[in-house]
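Counting convention: from 1, in listed order, for ligands and their atoms alike. Computation of the quantities below employed the complete heavy-atom set of this structure, encompassing side-chain atoms and omitting hydrogens, waters and symmetry-equivalent molecules.
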Amino acid sequence: MTRLVLLGPPGAGKGTQAKLLSARLGVPAISTGDIFRANVAEQTELGQTVKEYLDAGKYVPDTVTNAMVRDRLQQPDAAEGFILDGYPRTTDQVRELDDMLGEAGAKLEHVLEITADTDELVRRLAGRAADQGRSDDTEDVIRTRQQVYLDQTAPLVEVYAERGLLRSVDGLGEIAAVTDRLLAALDLPHA
Ligand code: ADP
């Protein structure tokens, strides 16, 4: 059983690593950003609500995000554990996640922070914009997202460190090398 949160700035590689860890650990990777983007693409009601926030690089309001994650974590595949990628991102979301898990008699086991310097992040995201055409990968929006992360999400590192749950891992280098560092931080065997 693994209940794991991945923290880190936009472009740090959370999504990539979440998928690799998911395959390795046998628990689902749950990405709030992916779920929001899928809803935008399918033009659901949720998608219509969140589109303006995604396009601007701002956070979706906590009430909307919390309700969505609550629903997702109640799906059967998350009963035995999960990797959360992109949630929690605010202190209000930290409290909500605590409540959701508390109600289920569960608790968070690990928080892994993936670090990288801002220049590298902006370079990667600009590259991804060219590859994938994500509407929030334009230069202005990339800057906004980095700033929103610093203002609203970076403080969570301290919150989880105080709980003794946090391990920080260098996100620079080969994808497989970063995965190995994450597995090592979880005290799991790695290549
Ligand atoms: P990145 O990590 O590159 O910023 P994500 O795919 O995780 O991208 O998120 C994309 C967008 O989805 C965010 O900029 C934000 O608008 C929205 N989003 C994702 N997770 C959350 C969250 N926990 N709270 C509020 N908004 C979120």
K.L.:
If Ile, Leu, Val, Met, Phe, Trp and Tyr residues are connected whenever their side-chain heavy atoms lie under 4.5 Å apart, and connections chain through other members, are L54 and Y87 in the same group?
P.N.:
yes
K.L.:
Report yes if some heavy atom in the side chain of N66 is under 4.5 Å from a heavy atom in the side chain of D92; otherwise report no.
P.N.:
yes
K.L.:
Can you check which of R124, R89, K51, R37 brings a heavy atom nearest to atom 1 (P) of ligand 1?
P.N.:
R89
K.L.:
Taking side chain as C-beta onward, heavy atoms only, is P61 less than 4.5 Å from Y53?
P.N.:
yes
K.L.:
To check you understand the geometry: which heavy-atom pair defines the closest contact between A29 and A18, and what is its length?
P.N.:
CB-O, 3.6 Å
K.L.:
Could you tell me, atom by atom, which parts of ligand 1 come under 4.0 Å of a heavy atom of Q93?
P.N.:
22 (C), 23 (N), 24 (N), 25 (C)
K.L.:
For ligand 1, does R128 get within less than 4.0 Å through its side chain, its backbone, both, or neither, judged by non-hydrogen atoms?
P.N.:
side chain
K.L.:
For residues L165 and E109, report the shortest heavy-atom separation together with the two atoms involved.
P.N.:
CD2-O, 3.4 Å
K.L.:
I'd like to check whether L125 has a polar contact with ligand 1, where a contact means an N/O of the residue lying under 3.5 Å from an N/O of the ligand.
P.N.:
no
K.L.:
I'd like to check whether D85 has a polar contact with ligand 1, where a contact means an N/O of the residue lying under 3.5 Å from an N/O of the ligand.
P.N.:
no
K.L.:
Please give me the minimum heavy-atom distance between L108 and L101, naming the atom from each residue.
P.N.:
N-CD1, 3.8 Å
K.L.:
Return yes if a side-chain donor-acceptor contact under 3.5 Å exists between Q146 and T118, otherwise no.
P.N.:
no
K.L.:
Check ligand 1 against Y87 and write out every atom of the ligand that is under 4.0 Å from a heavy-atom position of the residue.
P.N.:
23 (N)
K.L.:
Using a 3.5 Å cut-off on N or O atoms only, is P88 in polar contact with ligand 1?
P.N.:
no
K.L.:
Could you identify the single nearest non-hydrogen protein atom to atom 9 (O) of ligand 1 and state the distance to 0.1 Å?
P.N.:
G33 CA, 3.7 Å
K.L.:
Using a 4.0 Å cut-off to any heavy atom of G86, which atoms of ligand 1 qualify?
P.N.:
20 (N), 21 (C), 22 (C), 23 (N)
K.L.:
For the residue pair L73 and L97, establish whether any side-chain heavy-atom pair is separated by less than 4.5 Å.
P.N.:
yes
K.L.:
Could you say whether the N/O atoms of K58 and ligand 1 ever approach to under 3.5 Å?
P.N.:
yes
K.L.:
Would you say ligand 1 has an N or O under 3.5 Å from any N or O of D136?
P.N.:
no
K.L.:
In the protein, what heavy atom is nearest to atom 26 (N) of ligand 1, and what distance, to one decimal place, separates them?
P.N.:
V60 N, 3.0 Å
K.L.:
If you have a sec, work out which protein heavy atom is nearest atom 11 (C) of ligand 1 and how many Å separate them, to one decimal?
P.N.:
L54 CG, 3.9 Å
K.L.:
Where is the tightest heavy-atom contact between L6 and Q17, given as atom of each residue plus distance?
P.N.:
CD1-C, 4.5 Å
K.L.:
Any atom of ligand 1 sitting under 4.0 Å from a heavy atom of R134?
P.N.:
yes
K.L.:
I need the minimum non-hydrogen distance between V64 and T49, along with the two atoms involved.
P.N.:
CG2-CG2, 4.5 Å
K.L.:
Hey, is T65 touching ligand 1 through its side chain, its backbone, both or neither, going by heavy atoms under 4.0 Å?
P.N.:
side chain
K.L.:
With only distance considered, is Y59 within less than 3.5 Å of ligand 1 through an N or O on each side?
P.N.:
no
K.L.:
Just to check, does M68 reach to within less than 4.0 Å of ligand 1 when the distance is taken from its heavy atoms?
P.N.:
no
K.L.:
Looking at D85, I83, L188, which hits side chain to side chain contact (heavy atoms under 4.5 Å, CB included) with L21?
P.N.:
I83
K.L.:
When you compare ligand 1 with D34, is there at least one nitrogen or oxygen pair between them that comes in under 3.5 angstrom?
P.N.:
no
K.L.:
Are the side chains of K19 and D34 in touch, meaning some heavy atoms are under 4.5 Å apart?
P.N.:
yes
K.L.:
Quick one: nearest non-hydrogen protein atom to atom 3 (O) of ligand 1, plus distance?
P.N.:
R145 NH2, 2.7 Å
K.L.:
Among Y149, Y53, F36, which one has a heavy atom closest to atom 27 (C) of ligand 1?
P.N.:
F36
